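Presented below is the structure to which this report refers.
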Amino acid sequence: MSRFVFPIFALFVSLYLVLEQYFGSYRASGSYYVYGLAAPVILFALTQLVEDVVGKDGVLRRDRGEDAGPMWDWNADHTRVAIFLAAAILCFLALPYLGYHLSFGLFLVTGFWLLNYRKPLTIGLLVIGTVLLIQFAFVQWLGTNLPKGLLKPWL
Amino acid sequence: MPDALFEGFTLMLGQVWLVPIGVLIGICVGAMPGLSSSNSLAILLPVMIAMQPEQGLILGVSIYAGAEMGNSFPAITLRIPGTAASAVTAIEGYPLMKEGRGAMALGICIFASTVGALFGGLASLVAAPLIGRVALQFSPVEITVVILFGIAVIAMISAGGLRKGLMAGFLGLLLATVGTDPIYGQFRGTMGVVDLYDGITVIAVLVGLLGFSEAIGYVESLYDTDARTEEENGSAAVLDIRGMLEGFREVISRPVEWIRSSVIGVILGAVPGAGASVAAFISYQQAMTFASEDRRKLFGKGSPEGLIAADAANNAMVGGSLVPLLTLGIPGSASMAVLLVLMGYHGLSVGPTLFVRDGQIAYAVLWSQFVGAFFILTLGTLMAYVAYYAGQIRVSIIVPIISVFCMIGGFAKTGALFDIGVMIFFGILGYFMKKHKYPTVALLLGLILGGLFEAGFFRGLLMGFNSPLIFFQRPIAIILWVLLFLTLTVPPLMRRVRRRKAA
């Protein structure tokens with residue numbers, strides 16, 4: 001099913017931009033530029049979707065076969081990817097509140113655990129090393145203004 | 001031109017200290033599983049942006065060159081091709097390692113990479129200004145067609161086929177329209193999100209598509225070097241200097257092989273989308289074709305000619321890929337796309353006017369390749385042991401750390417947390433794109449060049465008094481359209497003819 005993600009995204013972006021230009025408050029000649037770019041994207045995305053559904057290796061044909069599995073195959077790999085992505089999104093959302101030290105630290109621990117690296121001492125050293133590298137290289141040297149969150153009063 | 005050539009040389013001499021640093025970083029990241037030149041360049045982009053333009057570009061090109069060779073180290077010693085380009089190196093280098101001739105294989109790889117880098121540097125130094133002078137004749141009309149041409153070529157070469165490539169390329173151009181309309185000042189595709197008023201941050205997209213998506217891929221495959229047996233890993237003890245010198249001699253004694261491979265590397269480097277893997281495989285295939293009957297039998301079992309072909313082409317490709325980047329503003333590969341973004345951030349004139357306005361910077365970058373070649377030879381020889389151990393670092397350690405650096409990379413330039421979200425979103429999108437063979441480089445190319453394309457398109461229309469026919473009337477534009485047409489139609493026709501003949 002993951003094969004539909006990109007064509008659906010392409011279709012969504014192009015239709016959104018076309019409809020926005022068409023129904024928007026202004027319809028300048030520049031709209032035609034957007035239409036011109038969106039037209040091939042819509043065409044390619046639709047034909048790709050059709051092929052992905054009914055084509056030679058399409059979902060429908062494949063699932064009619066004897067070895068057809070469930071459409072959503074939630075095996076271990078996908079679960080691991082889903083947890084990793086959830087951890088990344090949570091890290092991003094928690095960044096302004098927890099600050100980069102804690103958010104990145106927690107994300108790193110989750111990442112190591114998820115990838116079956118479970119040596120507490122090495123993990124601790126890696127987390128501290130990475131956070132210190134970020135602190136010195138990015139925050140102090142490059143002046144990146146990463147949020148400090150909870151630790152702000154002490155930093 | 002000669003003034004800029006010499007000014008570029010002196011400018012490069014002032015920044016020459018960056019070359020060994022770049023090559024060293026490149027060798028290390030190239031040797032580490034999970035890191036390639038493009039994703040490490042994307043992660044290091046904030047660092048390069050903080051530098052002077054010439055410093056950032058010299059560092060970037062040096063990292064790229066170092067990584068192209070560094071990739072070969074784990075391919076030879078551990079049979080881990082970090083990228084598709086080093087797959088040939090693994091095919092020919094690992095059997096030599098198993099035979100106890102690993103040092104010779106590394107010597108071949110280092111020296112072939114050095115001569116390839118020198119050849120690529122020389123070719124780009126000669127070709128880039130010449131092509132740049134021709135490109136100066138380009139009006140907005142030609143620039144618009146050139147961008148379309150670049151996207152079409154990348155789409156044509158992409159593994160997933162033309163449709164997927166064109167879809168990604170045009171979507172990139174469309175995504176570049178998000179933000180404020182440059183002509184009418186209206187918001188487009190922002191969905192009311194204030195952070196999108198200035199458009200989608202290219203760095204965040206770039207880091208997501210090139211860096212974070214790779215990390216997700218590794219999480220899925222759970223590929224790990226730790227699962228390898230000691231026998232598979234070979235022994236570092238066989239990596240002695242005498243063996244490496246033997247490898248150097250092997251390359252010196254086969255000039256035809258490395259010259260042919262370097263030429264292939266330069267030419268394919270200059271073709272947008274072809275990249276190192278295509279260069280390495282075609283060069284390898286050519287080496288096999290021209291080898292004598294008894295030498296051909298060695299291919300796949302540890303052939304020095306095969307190794308020379310792959311590594312010389314790999315590194316000559318770096319010089320070749322600088323030509324379209326510096327003369328036309330078209331990046332031939334993902335790594336070059338990073339350098340294009342870097343040039344854009346430093347306000348360098350991207351496209352044909354680069355050699356006129358910022359000629360000394362362009363020449364400094366081209367000159368730095370020669371110094372880079374010297375350091376590939378020296379640092380490569382010194383780093384062989386380190387790279388052997390770097391190749392054994394567990395992917396499970398590298399991937400979470402890369403992911404954190406990707407988040408910072410997405411954030412560093414703008415300082416907007418929203419861009420970390422953009423990075424994660426495009427990382428996920430890039431993961432699905434790679435999984436289903438949509439070329440991420442085509443999307444990136446469209447997004448990066450979208451602004452230039454739109455400006456060129458509207459200026460072209462103004463030139464033609466609002467008639468789109470102007471795009472088909474100017475001689476250079478007509479030639480480009482013909483080339484574009486031939487690029488899109490000839491290869492499928494040839495395939496069909498070949499299939500019919502085979503049937």
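These numbers come from a predicted model, not from an experiment. Per chain, numbering begins at 1; letters A, B, ... match sequence-line order.
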Under a 4.5 Å cut-off applied to non-hydrogen side-chain atoms, are [X] and [Y] in contact?
| X | Y | result |
| --- | --- | --- |
| A:Phe104 | B:Phe405 | no |
| B:Pro400 | A:Leu115 | yes |
| B:Val404 | A:Tyr100 | no |
| B:Leu417 | A:Pro147 | yes |
| B:Val399 | A:Phe112 | no |
| A:Val81 | B:Tyr431 | yes |
| A:His78 | B:Glu220 | yes |

Interface residue of largest heavy-atom contact number with chain B, from A:Phe107, A:Phe138, A:Phe92, under 4.5 Å: A:Phe92

Side chain, backbone, both or neither: which part of [X] has a non-hydrogen atom closer than 4.5 Å to chain B?
| X | answer |
| --- | --- |
| A:Ile123 | neither |
| A:Ser103 | neither |
| A:Leu108 | both |
| A:Leu146 | both |
| A:Tyr16 | side chain |

What closest approach, in Å, do [X] and [Y] show between heavy atoms, and which atom pair accounts for it?
| X | Y | result |
| --- | --- | --- |
| A:Phe44 | B:Leu166 | CE1-CB, 3.5 Å |
| B:Ile424 | A:Ala88 | CD1-O, 3.6 Å |
| B:Arg188 | A:Leu17 | C-CD2, 4.3 Å |

Heavy-atom proximity to chain A below 4.5 Å, by part of B:Met423: neither

Proximal component of B:Met407, with respect to chain A [non-hydrogen, under 4.5 Å]: side chain

Contact winner vs chain A - B:Ile216, B:Ile49, B:Val178, B:Leu443, heavy-atom pairs under 4.5 Å: B:Ile216

Aromatic ring proximity B:Tyr438/A:Phe6, centre distance under 6.0 Å: yes

Ring centre gap for B:Phe425 and A:Phe9 strictly below 6.0 Å: yes

